[in-house]
S.K.: 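The structure's right below; bear with me while I get my questions together.
Since the structure is predicted, the reported quantities are computational estimates derived from the model, not experimental observations. In what follows, chains are A, B, ... by sequence order, proteins preceding strands, each numbered from 1.
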4 protein chains.
Amino acid sequence: MPRPSVEAERKDQILRATCQVIAEQGYVNLRVSDVAKQAGVSGGTIHYYFDSKRDLVHAAFEYNFARSLERRRWILDSPDDPFSRLRFVIDSYLPVDEETIEAWRVWAALWAEGLREPNLQELNERMYGDWRRLVASIIRDGQDSGQIRAGDPVQFANMLISMIDGMAFQVLLHSQNMTVQRMKATCLAYVDGLSQASPSSK
Amino acid sequence: MPRPSVEAERKDQILRATCQVIAEQGYVNLRVSDVAKQAGVSGGTIHYYFDSKRDLVHAAFEYNFARSLERRRWILDSPDDPFSRLRFVIDSYLPVDEETIEAWRVWAALWAEGLREPNLQELNERMYGDWRRLVASIIRDGQDSGQIRAGDPVQFANMLISMIDGMAFQVLLHSQNMTVQRMKATCLAYVDGLSQASPSSK
Amino acid sequence: MPRPSVEAERKDQILRATCQVIAEQGYVNLRVSDVAKQAGVSGGTIHYYFDSKRDLVHAAFEYNFARSLERRRWILDSPDDPFSRLRFVIDSYLPVDEETIEAWRVWAALWAEGLREPNLQELNERMYGDWRRLVASIIRDGQDSGQIRAGDPVQFANMLISMIDGMAFQVLLHSQNMTVQRMKATCLAYVDGLSQASPSSK
Amino acid sequence: MPRPSVEAERKDQILRATCQVIAEQGYVNLRVSDVAKQAGVSGGTIHYYFDSKRDLVHAAFEYNFARSLERRRWILDSPDDPFSRLRFVIDSYLPVDEETIEAWRVWAALWAEGLREPNLQELNERMYGDWRRLVASIIRDGQDSGQIRAGDPVQFANMLISMIDGMAFQVLLHSQNMTVQRMKATCLAYVDGLSQASPSSK
DNA sequence: GATGAATGAGTCTTCATTCAT
DNA sequence: AATGAATGAAGACTCATTCAT
């Protein structure tokens, strides 16, 4: 008699493995058999839980996005002041630790693939929207408390998160000109510029 | 008597076709035979000029980057004031016309693939560096003429170009929350914030 | 519950088919798909058990050699007198029956290919050495019993087996001057010359 | 106006190159373009002189055989005694110098290919027959002069040349058990056994 | 639930051959 | 006489997918 949770457990195990393989080898080179090996199951088992390779990868993309948001949900609920929380956001996205780097690499694959996959575009719209709202709400908090200068909080959020995305790619490409340190400094400089006393001034 | 430039001509023709196919179908689905069809030559001809599919795609990435820089070189030499030139930069990168969209899609493939291809990383370093320097030099001009506020011009440049990259991706993913219009407005808002009078609001 | 020996069984089946195809068409014209057809399996199955065409053919060479030795092992243990056993050896190598002709043709392919394949050279060294030792031991027996004249048994063996190889090739090439009958007669004449009464002696 | 001898000259040059390539890479791996490179001409030129790859290789086989016989014709006309001439024969076939090794390797390819090419079988019949007759005539001379014992000279010749062929293969396969020295010693031992002093006959 | 043997469609790649110049 | 650009048929190899056990 099968445990009711076997399926969820097994799927989780397979999706985690899929993310690892995508991060390591990219989508182009991903073979179902590699995922199977990584997950420690047989190739047949993968297809027992996922109808096709496409389904598998799409599910992995969703899994990656969801886990990523989850891992940052605490920032929203943090009692710290908005600036600190924005800095948490930045820190949490710096591609320094294994986990974050893997997540970035999976996003890279998702975006590349999403260019011609409506399903993935919807996924991005949904998940990325959550993420944008999270940042915007922090900014709005800052404006409410008078720490952050006036302006469209969504626009500020878009500037910050798109900046993070753009620089993260360069870091992942091992650019000599864009190291993690410089990425962090640049993001922090942007956030500092949001303060009331703000811009440059000096 | 051999044609003087059959090779250069043919390679160009093939690389242009390769970029089109990458833009349309992505790297994952690119078939050498599709490139051949697009270029109007036989499959054998592709391999006559390029040793492997990998070589072909890498050459196409370089071709795409080079053409992109070339198409924007005029901005550097423009007699217009720095702010106008920054706006030209932004305009030239908005994914509106076919040509620019195609270029963005090829970059997307390059970046996704570059995560594990040192050759592509070097290519990105070289070409993207040129691009960063181009923007930074415009900003430096603006600072010299007193129109742009003080600050590290390279950092400003990095903010702008990474922002462009990040938002362009969302636009290409057909995000409802990030249209071309919003991308343009956001970039322009950032550039406006660079002015001496600056402090945004206030 | 997996069949205990599907793999061994299938490999055997494929190797037998490979030998047949090599014998019929030679290595130059061997197509993996021909082997598949001959073995009654799909092309994919061949690659499921052998990494490459090269691996397949090498394994077939080994298989052919091993089977050949096995088929003659009884001569070594035969209770008959040395001369009879040498005649058995000769008989067993005459390219008359289908099985022996096939084996010769595979050896021909092996030797041609072995000229530049260290792996095949090692294989030949190992297997051919067994074969040489088998013949030499018969000759040694004959010398011990006084039927065969003095002399280096290995040298005698080398003369006999190299003679067999050289003539077999001519027979296989359908030489009018070297028929199976003449080959047999010539080999027997050589063996007869090994008798005590005979040559060398002084 | 083309030199009348250009064709013969060019063909010779190409055939020599073909033999070199066959010797180096074998027939399986021979590419027409390799022959072209080796001959210092273009690929098109090969087909200007030879209708197909098959024709080219067959012509090369003939060329190799003819050159080989020519190089040994002097032994037939030598004023030396039959035993010396047999020793010359043996020496001339030991795979020691580059030229002889190359010739052997081409023969190996010819024989492997000849198993299913009637044209090559005829070629072998013709050329190998010359070679057999050459050796037999030396033996006949020896019998006439009383130096070589009675017996069918063609059978003696077949023993010797097949022995040479068989051992040469083992030498070419770099057998540890069959070195050039041992090959030479074994052949000489066989020839010594042909002397009158040495019984056989009865 | 899970396996892994087997499949065969899909592609890259090779290379003999052709032919305009 | 000679070239080398171009072709396209051929074939090795990959791998998602199926299914009997």
S.K.: Dot-bracket for DNA chain E, 5' to 3', with Watson-Crick and G-U pairs under 3.5 Å, [ ] for crossing pairs and | for other-strand pairs: what is it?
M.R.: .||||||||||||||||||||
S.K.: How close or far is atom P of dA10(F) from atom CG of Asp34(C), stated in whole angstroms?
M.R.: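 My rounded result for the distance is 13 Å.
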S.K.: Nearest heavy atom decides the nucleotide; on that basis, is Tyr49(D) or Val32(C) closer to the 5' end of DNA chain F?
M.R.: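 So the residue in question is Tyr49(D).
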S.K.: By nearest nucleotide on DNA chain E, pick out whichever of Gly44(C) and Asn29(D) is the more 5' one.
M.R.: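 Whichever sits nearer the 5' end wins; that is Gly44(C).
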S.K.: Please state how far atom NZ in Lys53(C) lies from atom C1' in dA10(F), giving the value in whole angstrom units.
M.R.: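 In whole Å, dA10(F) C1' lies 11 Å from Lys53(C) NZ.
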S.K.: Is Glu117(B) close to Leu123(B) at the side-chain level, that is, under 4.5 Å between some pair of heavy atoms?
M.R.: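 They are not in contact (no side-chain heavy atoms under 4.5 Å apart), so the answer is no.
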S.K.: To the nearest Å, how far apart are Lys11(B) NZ and dA6(F) C1'?
M.R.: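 These atoms are roughly 16 Å apart.
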S.K.: So what does Leu30(D) touch, heavy atoms closer than 4.0 Å: a base, only the sugar-phosphate, or nothing?
M.R.: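 Sugar-phosphate, no base atom in range.
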S.K.: Taking any heavy-atom pair under 4.0 Å as a contact, classify Gly43(D): base, sugar-phosphate, or nothing.
M.R.: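 No contact.
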S.K.: Of all residues at least two apart in sequence or in a different chain, which pass the side-chain contact (heavy atoms from CB on, under 4.5 Å) check with Tyr48(A)?
M.R.: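 Per chain and number, Tyr48(A) pairs via side-chain contact (heavy atoms from CB on, under 4.5 Å) with no residue.
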S.K.: With a 4.5 Å cut-off on side-chain heavy atoms, are Leu120(D) and His58(D) touching?
M.R.: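 Answer yes - side chains close enough.
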S.K.: Angle class for the Trp107(D)/Trp111(D) ring planes (parallel below 30°, perpendicular above 60°, tilted otherwise)?
M.R.: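 If you compare the ring of Trp107(D) with that of Trp111(D), the planes turn out parallel.
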S.K.: From OH of Tyr48(B) over to P of dC15(E), roughly how many Å is that when rounded to an integer?
M.R.: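 These atoms are roughly 15 Å apart.
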S.K.: Counting just side-chain N and O atoms, does Ser42(A) come under 4.0 Å of either OP1 or OP2 of dT3(E)?
M.R.: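 Indeed, a polar side-chain atom of Ser42(A) lies that close.
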S.K.: Ile46(D) has an atom CD1; how far is it from atom P of dT18(E), in whole Å?
M.R.: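 One finds 14 Å between P of dT18(E) and CD1 of Ile46(D), rounded.
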S.K.: Which is true for Phe50(A) with a 4.0 Å heavy-atom rule: it touches a base, it touches only sugar-phosphate, or it touches nothing?
M.R.: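 Counting heavy atoms under 4.0 Å across all strands, no contact is made by Phe50(A).
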S.K.: Can you figure out which of dC13(F), dA2(E), dT3(F) approaches the side chain of Thr45(A) most closely?
M.R.: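 Closest of the options to the side chain of Thr45(A): dA2(E).
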S.K.: Test your reading of the model: is there a side-chain donor-acceptor pair from Arg116(A) to the backbone of Glu24(B), 3.5 Å cut-off?
M.R.: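 Confirmed, Arg116(A) side chain pairs with Glu24(B) backbone.
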S.K.: For the pair Gln13(B) (side chain) and Ala39(B) (backbone), establish whether a donor and an acceptor sit closer than 3.5 Å, ignoring hydrogens and angles.
M.R.: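 Yes; judged by distance alone, with no hydrogens or angles, the pair exists.
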S.K.: Test Asp12(A) against Tyr63(A) for side chain to side chain contact (heavy atoms under 4.5 Å, CB included), laying out the working first.
M.R.: CA-CA 9 Å; Asp12(A) 216 72; Tyr63(A) 179 84; 3.3 Å; yes
S.K.: Using only side-chain N and O atoms of Ser33(C), determine if any of them is under 4.0 Å from OP1 or OP2 of dG11(F).
M.R.: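 Result: no.
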S.K.: Let me know the distance between CG of Asp51(B) and C1' of dC15(E), rounded to the nearest Å.
M.R.: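 From Asp51(B) CG to dC15(E) C1': 14 Å.
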S.K.: According to a strict under-4.0 Å criterion, is Arg54(D) in side-chain N/O contact with OP1 or OP2 of dA16(E)?
M.R.: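 Result: no.
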S.K.: Take the protein atom CZ of Arg31(A) and the nucleotide atom P of dA16(F), then report the distance between them rounded to whole Å.
M.R.: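 Value for this atom pair: 8 Å.
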S.K.: Just how far, in rounded Å, is P of dT17(E) from CG of Asp55(D)?
M.R.: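 Going from Asp55(D) (CG) to dT17(E) (P), I get 9 Å.
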S.K.: Nearest of dT3(F), dA5(F), dT7(E) to any side-chain atom of Val6(B)?
M.R.: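 From the listed options, dA5(F) comes nearest.
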S.K.: Does Ala66(B) have any side-chain contact (heavy atoms from CB on, under 4.5 Å) partners at least two apart in sequence or in another chain, and if so, which?
M.R.: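 With sequence neighbours excluded, Ala66(B) shows a side-chain contact (heavy atoms from CB on, under 4.5 Å) to Met127(B), given in chain and number order.
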